[in-house]
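Take a look at the structure set out below.
Since the model is a prediction, treat every value here as computed from it, not as a measurement.
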Amino acid sequence: MQQIRITRAAELSPADGRRFDCQWMEACQMNRWFLKARLAEALALHGPDSHWIETRPLQRTPAPLQA
């Protein structure tokens with residue numbers, strides 16, 4: 001499984017670009033659909049290469065042992 005997020009180009013001012021940024025989330029089908037729509041809106045507003053989707057492997061933490 002993977003995680004995904006939208007990130008922005010560093011040269012975008014925080015007031016303009018952060019509206020579309022998001023934290024890492026599970027790359028399930030619903031989240032992928034949501035981020036594609038949000039990315040399309042960001043690119044339409046700020047231009048090509050202003051935002052993109054990043055992926056990384058899902059980092060699972062071991063479950064605590066039950067006593």
Side-chain angles (χ1 to χ4, degrees):
M1 184 56 94
Q2 290 187 324
Q3 291 181 315
I4 56 176
R5 72 175 178 179
I6 293 179
T7 192
R8 66 182 169 84
E11 60 269 8
L12 280 179
S13 69
D16 292 338
R18 289 200 190 255
R19 176 176 162 214
F20 299 101
D21 286 0
C22 65
Q23 298 297 318
W24 289 105
M25 62 180 73
E26 187 176 314
C28 66
Q29 187 174 2
M30 186 176 77
N31 286 344
R32 286 179 187 269
W33 176 84
F34 170 71
L35 287 186
K36 282 182 184 179
R38 196 170 189 181
L39 178 64
E41 187 179 347
L43 294 176
L45 187 62
H46 296 287
D49 300 326
S50 61
H51 293 77
W52 56 91
I53 293 179
E54 294 182 336
T55 62
R56 72 178 182 187
L58 180 63
Q59 299 174 356
R60 297 196 185 269
T61 57
L65 297 175
Q66 298 295 323

remark   = Tightest non-hydrogen contact, residues Asp49 and Ala9, listed as O-CB, 4.1 Å
request  = Go through the steps for Met1 and Glu26 under the test side-chain contact (heavy atoms from CB on, under 4.5 Å), then give the verdict.
outcome  = CA-CA 8 Å; Met1 184 56 94; Glu26 187 176 314; 3.4 Å; yes
message = So which atom in Phe20 and which in Ala42 form the shortest heavy-atom distance, rounded to 0.1 Å?
response = CG-CB, 3.4 Å
ask   = How many angstroms lie between CG in Leu58 and CD in Gln3, if you round to the nearest 0.5 Å?
value = 5.0 Å
ask   = Which atom names give the shortest non-hydrogen contact between Thr55 and Gln2, and what distance separates them?
value = CB-OE1, 4.0 Å
message = More than 12 heavy atoms of other residues, nucleotides or ligands under 6.0 Å from CD of Glu54: yes or no?
response = yes
remark   = Output for pair (Ile4 CD1, Cys22 SG), nearest 0.5 Å, gives 7.5 Å
request  = Treating Ile, Leu, Val, Met, Phe, Trp and Tyr as nodes and any side-chain heavy-atom pair under 4.5 angstrom as an edge, say whether Trp33 and Met25 lie in one connected cluster.
outcome  = yes
inquiry  = One pair to check against side-chain contact (heavy atoms from CB on, under 4.5 Å): His46 and His51. What are the steps and the verdict?
reply    = CA-CA 8 Å; His46 296 287; His51 293 77; 3.5 Å; yes
CG-CZ distance between Leu43 and Arg38, expressed to the nearest 0.5 angstrom = 12.5 Å
Ile6 CD1 to Leu35 CG distance, which is reported to the nearest 0.5 Å = 4.5 Å
